[in-house]
Each structure stands twice: as C-alpha cells, then as structure tokens.
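Chain A is the first sequence line, chain B the second, and so forth, proteins listed ahead of strands; every chain is numbered from 1. The structure displayed is predicted, hence computed values, not measured ones.
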There are 2 protein chains.
Amino acid sequence: MSLNTPPPDRLSLTLNALADPTRRAILARLSLGETTVNELAEPFEMSLPAVSKHLKVLERAGLISRTRTAQWRPCKLEPEPLKEVDMWLRDYRKMWEQRLDRLEAYLKELQAKDTPVQSAKPKDDKDGDIK
Amino acid sequence: MSLNTPPPDRLSLTLNALADPTRRAILARLSLGETTVNELAEPFEMSLPAVSKHLKVLERAGLISRTRTAQWRPCKLEPEPLKEVDMWLRDYRKMWEQRLDRLEAYLKELQAKDTPVQSAKPKDDKDGDIK
DNA sequence: GGTTTATTTAACTGTTTAGTTAATCACGAG
DNA sequence: CTCGTGATTAACTAAACAGTTAAATAAACC
C-alpha cells in the first residue's frame, strides 16, 4: 500500500545495480575499455534485450555512460559511483581491521599465557562502542 | 522461463542486502553496538515484521548474526561480507584514482600554459551526456 | 496455569524485476 | 529508397520483493 514512492537515493541505486553477477561482469569487461552492446552481450546466454536492460540499470546508476557512433552505442565505465560505495564502506573498514587486531591480540595473549583452563573466556567483550 | 535457479553468489547477496536504505541504517546503528530488534525498529515508520524481514536479509548475507538471550535476539554486525565488497572494489579503485590523476595533470597543464581565453575548451573529455 | 513482552511466521497484496519474442528505430552502404 | 546491422522499445510472464495485519512462538513474571 505504499502510496509514496520512496526516494531512490544514489547509493541504493548503485548497490542495487552492482548486486547482479551479469552486471558486474559487464563492468569488469568495461574496465578493459569501451565496447559495444553486442560485444558486451556475447559472453552471456541471454537475449540482447536482456543485456540492454542491464545496461540501462547500470546507466541509471551512473556506472556507465554511452556515446553514439553511427549505429553503435559504445559503453564506457564511469567509476564515480563506485567511489561513493568506497566512501560509504570507509566507516566500516576500521571495524574489520579492529576486529582482526583484536583477534591477533587474543591469539597473542593465548600464546603468552600458555593458557590454562578458563583464563581465556571472552567474557562479554561487548564492543558496544566500536565506532 | 528460467528453469534453473541462478546460483546466488555471496557477493550479490551482500550487495543486494546493502542496496536498501533501511538495511544500511540498521547496519549503521549496529556499528554502535549490539541491540535488540525492537530498538532497531524504533526509528523506522514500518511494522516490526517488516524490520524482521530486513534483518533476515542481512542475516542471510552474513552481515549480522544473532544470539538469543531470554526473549531477546540481539543482533551484531558481522563485517566480513563488507570486507569482500571492499576487495571487489579494490580492482576498480585505481581506476578513479587514475582518472583523478588525469584531471590533475590536465589542470596542471592548463596552469602551465597560462591559458589564454579559449585554450581551455574541454574538447577532450567530452562525456557530454553525463546526465 | 495465565499474562506480558519480544520476535517470528503465515497469508495476503501490490510493485518491481529479469527474462522472453516480436516489432521498431537509427544509421550507413549500395 | 531499400537493405542490413546494431540496439532499443513494447508487450507479456513468472518470480521475487516489500510491506501489511493477524496469529503463533518463546521466555520471563506472577
């Protein structure tokens, strides 16, 4: 019953476009250089219109741009939205690094202590405030 | 007519889970520390079951894990899949850096030339319809 | 037992998506 | 102008999605 269309923010648009193996494969191909729709479609077992739709999704997300040369519409990768994803990710990046650090510390502690029975109980590490 | 279910690769699962502002907000909240479903749901204008479904999507992607304490099921952020996204992104990262370098070089060139009136016509980059 | 609180599942609905085939548009070459 | 090629649009279908309300589960409290 959602009457109002939810505002399709750019990041969601981008991530949604990336959440498909075909589309990611297309991007991978485009990272090697511009090419045409037919050539892009060639490796896939799907019709040309299907690929065309995927391209439209990528275009709407700003991940590719198209020029027009005669009857060809060569596609070009536009990395800007990927950069945005990267920036979004940045805040979380320290999280897994930290977690890795903690694991390291834990393992080191284990080694150092020669770890008797219960000393290593990770009692509620409760990293409540990772941030 | 797709008879065979396409194999839901992990990266697609993750990106799809991230491609929703509500779910990203949930992750952001969880980055501050574990919490319960009710507390997670509180800021949103949607029913509890809806949030519950979002959590299931996040869980299926491995982005959160849940323990069980009495009648609460506290959720915890699991950054591992984000790390995978980061790794996927890595190959493209140099692409926008490179592009930035190129822009820098261009600007530098402009400055060097002391650029009289029309010399700066951006005839080159010509991605006319960025849209 | 019965009630309250936290959360999930069931059943349903409207919307979006991913694909299909067939038709159409856009262009260059004869 | 007509033909062939590259690519998109149209019309359709099946499945997945995001939300709803109502019912069910699970545990604590009395």
Side-chain angles (χ1 to χ4, degrees), chain A residues 1-9 12-27 29-30 34-61 63-76, chain B residues 1-9 12-27 29-30 34-61 63-76 129 131:
Chain A
M1 251 153 229
S2 64
L3 266 278
N4 51 342
T5 315
D9 63 297
S12 297
L13 224 53
T14 303
L15 289 166
N16 181 60
L18 296 177
D20 180 290
T22 301
R23 291 196 284 263
R24 287 199 306 279
I26 289 176
L27 291 185
R29 170 63 189 80
L30 286 179
E34 302 188 26
T35 191
T36 67
V37 177
N38 262 306
E39 195 176 327
L40 279 176
E42 194 266 319
F44 301 108
E45 281 182 351
M46 79 180 67
S47 67
L48 214 53
V51 172
S52 196
K53 284 186 181 180
H54 280 302
L55 290 176
K56 193 172 284 183
V57 173
L58 290 169
E59 190 175 29
R60 248 175 43 97
L63 282 160
I64 68 171
S65 64
R66 284 136 130 178
T67 55
R68 169 176 290 229
T69 310
Q71 67 257 227
W72 295 274
R73 281 134 186 96
C75 302
K76 182 169 132 218
Chain B
M1 246 177 217
S2 65
L3 267 277
N4 51 343
T5 315
D9 64 295
S12 297
L13 225 54
T14 302
L15 289 166
N16 181 61
L18 295 178
D20 180 290
T22 301
R23 290 195 285 262
R24 287 199 306 279
I26 289 175
L27 290 185
R29 170 61 189 82
L30 286 179
E34 302 188 26
T35 190
T36 68
V37 177
N38 261 307
E39 195 176 327
L40 280 175
E42 194 266 320
F44 302 107
E45 280 182 352
M46 77 180 67
S47 66
L48 216 53
V51 173
S52 196
K53 284 185 183 183
H54 281 303
L55 290 176
K56 194 173 284 184
V57 173
L58 290 169
E59 190 176 29
R60 247 175 45 96
L63 283 160
I64 66 171
S65 64
R66 284 137 130 177
T67 53
R68 169 175 290 229
T69 310
Q71 67 257 228
W72 294 275
R73 280 134 188 97
C75 302
K76 182 168 133 219
D129 41 43
K131 224 199 229 209

Which distance, rounded to the nearest 0.5 Å, do you find between the [atom1] of [X] and the [atom2] of [Y]?
X	Y	atom1	atom2	answer
B:Leu48	B:Leu40	CG	CG	10.0 Å
B:Leu58	B:Leu27	CG	CG	5.0 Å
A:Glu39	A:Glu34	CD	CD	11.5 Å
A:Leu30	A:Leu63	CG	CG	10.0 Å
B:Leu13	B:Arg60	CG	CZ	5.0 Å
B:Asp9	A:Arg24	CG	CZ	5.0 Å

[N], OP1 or OP2 - any side-chain N/O from [X] closer than 4.0 Å?
X	N	value
B:His54	D:dC17	no
A:Asn38	D:dA7	yes
A:Arg66	D:dT8	yes
A:Arg23	C:dA18	yes

* Main-chain N/O of A:Ala17 paired with A:Arg23 side-chain donor or acceptor, under 3.5 Å -> yes
Which pair of non-hydrogen atoms, one from [X] and one from [Y], has the smallest distance, and what is that distance?
X	Y	value
A:Arg73	A:Val37	O-CG2, 4.0 Å
B:Ile64	B:Leu55	CD1-O, 3.5 Å
A:Leu18	B:Leu15	O-CD1, 3.4 Å
B:Pro21	A:Ser12	CD-OG, 3.3 Å

* Touch check for B:Thr36, heavy atoms < 4.0 angstrom, all strands: base, sugar-phosphate only, or nothing? -> sugar-phosphate
* **Sugar-phosphate, base or nothing in reach of A:Lys53, heavy atoms under 4.0 Å** => base
Rounded to the nearest angstrom, tell me the gap between atom [atom1] in [X] and atom [atom2] in [N].
X	N	atom1	atom2	value
B:Glu42	C:dT7	CD	C1'	17 Å
A:Lys56	D:dA10	NZ	C1'	11 Å
A:Leu40	D:dA7	CG	C1'	12 Å
A:Ile26	D:dA7	CD1	P	13 Å
B:Leu55	D:dG19	CG	P	12 Å

* To do: Please tell me which of A:Val51 and A:Asn16 maps to the more 5' nucleotide of DNA chain C, matching each residue to the nucleotide holding its nearest heavy atom.
  => A:Asn16
* **Residues touching DNA chain D, which here means a heavy atom under 4.0 Å, drawn from residues 43-50 of chain B** => B:Met46, B:Ser47, B:Pro49, B:Ala50
* Asked: Is there side-chain contact between B:Thr69 and B:Thr36, with at least one heavy-atom pair below 4.5 Å?
  -> no
Show me the protein contacts with nucleotides 27-30 of chain C, counting only N or O atoms at under 3.5 Å.
from   : atom 1 : to      : atom 2 : distance (Å)
C:dC27 : OP1    : A:Arg68 : NH1    : 3.0

* Asked: Using the C1' atoms of five pairs at each end, what's the angle between the two axes of the helix from C:dG1-D:dC30 to C:dG30-D:dC1, to 10 degrees?
  -> 10°
